[in-house]
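Report on one structure; see the data block that follows.
Both backbone and side-chain heavy atoms feed into the values below; hydrogens, waters and symmetry mates do not. We name chains A, B, ... by the order of the sequence lines, and we start the count at 1 in each one.
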2 protein chains.
Amino acid sequence: MKDNFLNYNNYVSVDCVVLGYNEVENKLQVLLIKQKGPEPNTAELFKPQYAIPGDLIKEEESLDEAAARILEDLVNVKGLFLEQFFTFGHPDRVKDPKDADWLSTRRKDPLARVITVAYLALVRIDQINPSAGYFAEQTTWRSIKKIPKLAFDHNTIVSKALDIIREHPEQHLVGRELLPNKFTLSQLQNLYEVIQNKELDKRNFRKSIKNNEYLITLDEKQKGVLHKPAQYYAFKKPKK
Amino acid sequence: MKDNFLNYNNYVSVDCVVLGYNEVENKLQVLLIKQKGPEPNTAELFKPQYAIPGDLIKEEESLDEAAARILEDLVNVKGLFLEQFFTFGHPDRVKDPKDADWLSTRRKDPLARVITVAYLALVRIDQINPSAGYFAEQTTWRSIKKIPKLAFDHNTIVSKALDIIREHPEQHLVGRELLPNKFTLSQLQNLYEVIQNKELDKRNFRKSIKNNEYLITLDEKQKGVLHKPAQYYAFKKPKK
DNA sequence: ATACTTATTGTATTTTGTACAATAAGTGAT
DNA sequence: ATCACTTATTGTACAAAATACAATAAGTAT
């Protein structure tokens, strides 16, 4: 009877596309890590590649918890915006020869299939301080316009994340996640322009954004700027 | 050194929410199976529950392929519309006592965690003939308004599928999937009304739907009906 | 010719999207 | 006090899309 039991087993990982917004330079960047092996000085064992942060899930954690743990380990910040967006599970997604060396330092069975659940995180670059964790030799921000060749199928994963955020920026509350607590409408417009990669008309942008139920006008203006001071705004806390 | 290797292993399954449209009764239903064990006459080993069709993935198949296989085995139809929509991976999602008996007939380690990638399928009820496959004792259609208690977290999975189809019916090409090759605008409107669970104004529906780039007017009308015969329409094939 | 049933269509109104440029409110220099 | 400079802020005309609402058309059956 035991012969009828199914027994396929797989690795399951969570990978995080961390999009960081640099307000000063008005740039949207993605957080990459440089792979490292499990031991110090394992660099000679393989040619490290850039990758997005990810890890196998642990036995007792949910997928959401795994994503939070990976980010916490990497950027030492809790409570970031995190959203599952797609699961990548092609049998060959970790079987490119370019990835064999790194896997051999990390897995008992380097050719085993890995199914990965991908998450999107949004952060303000100036608010976090990524530091190499136990799975990263170093971390680096790269412009979403110049993403290098990444390990595994991570280029595909990043592309899909960008598609999703561009589709519905307002649904992803990008303003709340990527701007300071108080901000001007010009700051908000700059952010939308970077995400959508196109210029927006000031008057029309203001008309449409002012319908946003979450936007509230603060009782405060800019001070000390060399021009007409702008009104500050904030986001209401989400309903739920 | 081997001690540093990570070694968490998991079952990965694909579950399919099959939504079927019954045009005559204008009902949207979900396809459920009644669980069966791997051997004939195993019903006495456990109390079978209703569930959505799903199965562990096989070693060499992609997630999409697994979903197609599961449906093919169940409904003997290939080439259905299929879309991945979410992955459910809570550590306890298969550990409810109600599910222990069935798992014990199917798994070497019934308490092992199972992560499931959920797919949405759209079908015309009159076009397919679901038949009990190797994992189903029997199959049944149930109205989306009266879904019984299901095995595992399948009620949650079905709910999420319904949320998704209601959000963007046109993006899911529900017309193409759920109507005959030629159809009237009233048929199309009925379908949208069932999915969105609200009534639509005929004139406004026609105005908006006629902007649909995929809709074409056929050179044919209804015949033999006891009223003004309606024009037939069809959908163009999707671009790619 | 009439009754019956569903298909089809238009108009007025509101809302939303788009294109486009002048004025306002600060600072710093004179 | 005035002026130059910089960014913030606002309105108007037009087009497009969403909404509310009811009369006429084309068949069949009697």
Atom [atom1] of [X] and atom [atom2] of [N]: how far apart are they, to the nearest Å?
X: A:N211; N: C:dT14; atom1: CG; atom2: P; answer: 17 Å
X: B:E199; N: D:dC21; atom1: CD; atom2: C1'; answer: 15 Å
X: B:Q187; N: C:dT8; atom1: CD; atom2: P; answer: 11 Å
X: A:F205; N: D:dA8; atom1: CZ; atom2: P; answer: 12 Å
X: B:I209; N: D:dA18; atom1: CD1; atom2: P; answer: 11 Å

* To do: Could you check whether A:S186 gets within reach of a base, just the sugar-phosphate, or nothing at all, counting any heavy atom under 4.0 Å?
  => sugar-phosphate

* With a 4.0 Å cut-off on heavy atoms, is A:Q222 in touch with a base, just the backbone sugar-phosphate, or nothing at all? -> nothing

* **Check: A:R93 side chain, A:F152 main-chain N or O, donor-acceptor pair, under 3.5 Å** => no

* Spell out protein contact along nucleotides 20-30 of chain C as letters: B when the base is contacted, S when just the sugar-phosphate is, - when no protein heavy atom is under 4.0 Å; keep the 5' to 3' order. => BB--BBBSS--

* Does OP1 or OP2 of D:dT9 have a side-chain N or O of A:K210 closer than 4.0 Å? -> no

Just distance, no hydrogens or angles: give the donor-acceptor pairs under 3.5 Å from side chains in residues 215-223 of chain A, sequence neighbours left out.
unit_1 : atom_1 : unit_2 : atom_2 : d
A:E220 : OE1    : A:K182 : NZ     : 3.3
A:E220 : OE2    : A:K182 : NZ     : 2.5
A:Q222 : OE1    : A:A230 : N      : 3.0

* To do: Could you tell me whether A:R176 sits above the aromatic face of A:F81, with NZ or CZ closer than 6.0 angstrom to the six-membered ring centre and within 45 degrees of the axis?
  => no

What pairs of donor and acceptor atoms, side-chain ones from residues 15-35 of chain A against any protein atom, are under 3.5 angstrom apart with sequence neighbours left out?
unit_1 : atom_1 : unit_2 : atom_2 : d
A:D15  : OD2    : A:T116 : OG1    : 2.8
A:D15  : OD2    : A:H154 : NE2    : 3.4
A:Y21  : OH     : A:N26  : OD1    : 2.6
A:N22  : OD1    : A:V24  : N      : 3.0
A:N22  : OD1    : A:E25  : N      : 3.0
A:E23  : OE1    : A:Q187 : NE2    : 3.3
A:E23  : OE2    : A:Q187 : NE2    : 2.2
A:E25  : OE1    : A:K27  : NZ     : 3.4
A:Q35  : OE1    : A:Q49  : N      : 3.2

* To do: Would you mind checking if B:D126 and B:R124 are paired as a salt bridge, meaning a charged N to carboxylate O distance below 4.0 Å?
  => no

* Would you call A:E193-A:K198 a salt bridge at under 4.0 Å N-O? -> no

